[in-house]
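Here is the structure we will look at.
All values reported here derive from a predicted model rather than from experimental measurement.
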Amino acid sequence: MPLTRYARITGMNDVLFEEQRYWRYVLERIQYVADLYGYRRIDVPVMEVTALFVRGVGEGTDIVEKEMYSFEDRDGTWVSLRPEFTAGIMRAYIENGLHVLPTPLKVWTTGPLFRHEKPQAGRYRQHSQFDIEVIGEQDAAVDVEVISVAWHLFRELGFRDLRLHINSTGCPRCKPGYVRALVDFFTPLADQLPEVDRMRLRKNPLRLLDSKEEATQPLLERAPHIVEHLCPECAAHFADLCRYLDALERPYQINYRIVRGLDYYTKTVFEIKAAGLGAQDTICGGGRYDGLIAELGGPPTPGIGFGSGIERIVLAMQQLGLPVPEEVRPQVMVCYLGAPAKLAAVRLVERLRDSGIRSLLAFGDRSLKAQLKSADRAAVEYAVILGEEEVQAGVATVRSMARGTQEQVALEQLSAWLDAALRGALPAASSALRA
RNA sequence: GUGACCAUAGCUCAAUUGGCAGAGCAUCUGGUUGUGGCCCAGAAGGCUGCGGGUUCGAGUCCCGCUGGUCACCCCA
């Protein structure tokens, strides 16, 4: 007897059966949409050397500075549980020489990510994302396709109230100029800013844009927009993005206040928000990272991708009452009376499974009453009863749980009989007796 | 990392001013031979999150810790 009861580690979650219906459906739709758009699955390790994330995500980011699960491996190398997918996938791209594949390379993945944050609604320390990446093409039509993959998925899952926000963060050529303009704008107004935002002005001026401080809001209204400071190349790219979105008649809004927290973003950034969640209402976020692969030691190659939190999707679907398929239920339960019949039952249930019938065996030598009760709880369509009499005669008693009728079926024909009955094609000349 | 609220059976919740820890649901068994759902009866299930303190006496009051929830920060 253990003296302590073990509990979940903070921010970790058990996904129980009711919720699994959502997970199963979401994953299934993800595969469908990924196939539809021609994305190939890739899986990368949950652990990488810490330096990869420091270099990829960015040294000064919150993720790297205070949220990574990092530790020294037994052989002395520093490793981290992945806090996001992109860096690992880019490492795999470079390491496996995937640039030799037809360009662009379009991949998707899913799995757990780890960030040591304080948990709250829709935010967990271990969470899963659906992630896609397109590597090797800077055409803005790619950006639109990437957004469409997410959009299509959410529509497929039944979401209707979605909001797409887009922005451009420029590139190393135009971003510094904008940051300077932003600082020039706010510096004379610094005394009107709350403490937090004065700090942002000094440390990371771009963060001012997504400030939620009351006092800052009216100032932000008049602050310069990055869209007006883009270099000709970034401006043209952004204009293309908008033109293609318009062509799709996809509703979007340009939100010059989207600033993503990862250093690698360039040009397009976007978020999709859903109703039904609390403060964490972003179910998809991503953008372009044209400098990342070179930064990680690969050939200069543009890329774009997004991550979408599966827990958040599931949470929103539950809140919104979106329909998901019922849990797959077993179809038959085999009940038995006495030891000889039990031997026959053990053989029979496995034979039923061989013919593809989802079957349970009533364990534990309990009374027939108890066995039928568990058949009822399991919501099977048929109970198959094997007693001394049945074994003698080489038959089984088959009881329809819904109708309460039963009849005897020869053991050799049982699989075929059940198979037909479960399809709704009951054999015609069967003599049903009322119970 | 900061703040607010919360913690009693597997779940949802009771327990008078500080006075014997309970109910419903779920689980198991039974209501006469081999027949489910409804009903009835019973069983099992608790160091009241943990540790201190006040008190004749603490689930209840006080302090600390841990955990949970929500929000900030950040992010999916």
Side-chain angles (χ1 to χ4, degrees), chain A residues 1 3-13 16 18 57 60-67 83-86 110 112-131 150 194 196-197 199-200 203-204 207 210-213 258-262 270-274 277-287 305-316 333 335-338 341 362 364 366-390 397-406 433-435:
Chain A
M1 278 292 274
L3 293 170
T4 55
R5 281 185 69 156
Y6 296 105
R8 283 186 292 267
I9 293 174
T10 297
M12 309 284 151
N13 232 346
L16 304 182
E18 263 306 296
V57 177
T61 59
D62 278 14
I63 288 180
V64 164
E65 231 167 45
K66 45 195 187 193
E67 294 175 359
E84 56 112 49
F85 278 118
T86 307
T110 185
L113 303 176
F114 302 84
R115 294 180 200 172
H116 196 277
E117 302 175 278
K118 193 137 180 185
Q120 71 193 65
R123 198 174 69 192
Y124 311 95
R125 289 184 178 178
Q126 177 182 336
H127 75 279
S128 296
Q129 285 185 21
F130 164 46
D131 180 278
V196 217
D197 283 338
M199 179 78 88
R200 289 185 171 119
K203 267 184 65 188
N204 191 348
R207 286 254 152 261
D210 59 3
S211 166
K212 281 155 195 150
E213 297 293 323
I258 292 183
V259 189
R260 317 234 72 243
L262 289 67
F270 68 95
E271 290 182 3
I272 297 174
K273 291 172 183 291
L277 293 165
Q280 314 299 322
D281 62 348
T282 301
I283 53 173
C284 178
F306 70 70
S308 183
I310 297 179
E311 285 83 357
R312 284 187 190 177
I313 294 174
V314 168
L315 200 61
M333 178 169 279
C335 307
Y336 58 89
L337 291 148
R366 296 194 291 162
S367 68
L368 181 59
K369 182 192 180 93
Q371 294 181 54
L372 283 170
K373 191 164 183 160
S374 63
D376 191 53
R377 294 294 159 88
V380 296
E381 290 179 56
Y382 291 94
V384 170
I385 302 168
L386 287 178
E388 310 282 340
E389 300 160 18
E390 284 85 353
T397 298
V398 181
R399 179 179 183 83
S400 158
M401 298 302 285
R403 287 186 293 277
T405 56
Q406 37 187 72
L433 13 124
R434 285 218 74 85

Is there side-chain contact between [X] and [Y], with heavy atoms separated by less than 4.5 Å?
X        : Y        : answer
A/Ile63  : A/Arg115 : yes
A/His127 : A/Asn13  : no
A/Gln280 : A/Gln120 : yes
A/Arg366 : A/Ser374 : yes
A/Gln371 : A/Tyr336 : yes
A/Arg125 : A/Glu67  : no

With sugar-phosphate meaning primed atoms plus P, OP1 and OP2, does [X] contact a base, only sugar-phosphate, or nothing at under 4.0 Å between heavy atoms?
X        : answer
A/Glu84  : nothing
A/Phe85  : nothing
A/Ile313 : nothing
A/Lys118 : base
A/Gly286 : nothing

All N/O pairs under 3.5 Å across the protein-nucleotides 37-40 of chain B interface:
| residue | atom | partner | partner atom | Å |
| --- | --- | --- | --- | --- |
| B/G37 | O4' | A/Asp376 | OD2 | 3.1 |

Taking the same atom, [atom1], in [N] and in [M], what whole-Å distance lies between them?
N     : M     : atom1 : answer
B/U54 : B/A15 : P     : 28 Å
B/C63 : B/C25 : C1'   : 37 Å
B/A21 : B/U60 : C1'   : 12 Å
B/C65 : B/A7  : C1'   : 14 Å
B/A4  : B/U17 : P     : 28 Å
B/G18 : B/C62 : P     : 11 Å
B/A58 : B/C72 : P     : 42 Å
B/U35 : B/U69 : C1'   : 47 Å

Query raised in the report: Quick one: the side chain of A/Glu65 and the base of B/G1, do they pair up donor-acceptor inside 3.5 Å?
Result: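 Result: no qualifying N/O pair found.
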Query raised in the report: Do A/Arg207 and B/C74 share a donor-acceptor pair, side chain to base, under 3.5 Å?
Result: no
What's the separation between atom [atom1] in [X] and atom [atom2] in [Y], rounded to the nearest 0.5 Å?
X        : Y        : atom1 : atom2 : result
A/Asp281 : A/Glu271 : CG    : CD    : 8.5 Å
A/Ile385 : A/Leu337 : CD1   : CG    : 7.5 Å
A/Cys284 : A/Phe270 : SG    : CZ    : 4.5 Å
A/His116 : A/Asp62  : NE2   : CG    : 14.0 Å

Requested in this report: Return yes if a side-chain donor-acceptor contact under 3.5 Å exists between A/Thr397 and A/Glu390, otherwise no.
Outcome: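 Short answer, yes.
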Would you say a side-chain N or O of [X] is under 4.0 Å from OP1 or OP2 of [N]?
X        : N     : answer
A/Thr10  : B/G68 : yes
A/Gln371 : B/G36 : no
A/Gln129 : B/A76 : no

Nucleotide nearest [X] when distance is taken to its side chain, options [options]:
X        : options             : answer
A/Ala370 : B/C74, B/A76, B/U29 : B/U29
A/Gln120 : B/G34, B/C73, B/A76 : B/C73
A/Pro119 : B/C72, B/G34, B/U69 : B/U69
A/Gln280 : B/A76, B/G34, B/C72 : B/C72

Report summary line: Intra- and inter-strand pairing of RNA chain B, written as dot-bracket with Watson-Crick and G-U pairs under 3.5 Å and | for the latter, reads (((((((..((((.....[..)))).(((((.......))))).....(((((..]....))))))))))))....
Query raised in the report: Starting at the 5' end of RNA chain B and moving along, which residue's nearest nucleotide shows up first, A/Asn13 or A/Ile310?
Result: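 Final value for this comparison: A/Asn13.
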Report summary line: Between A/His116 and A/Ala279, the residue closer to the 5' end of RNA chain B by nearest nucleotide is A/His116
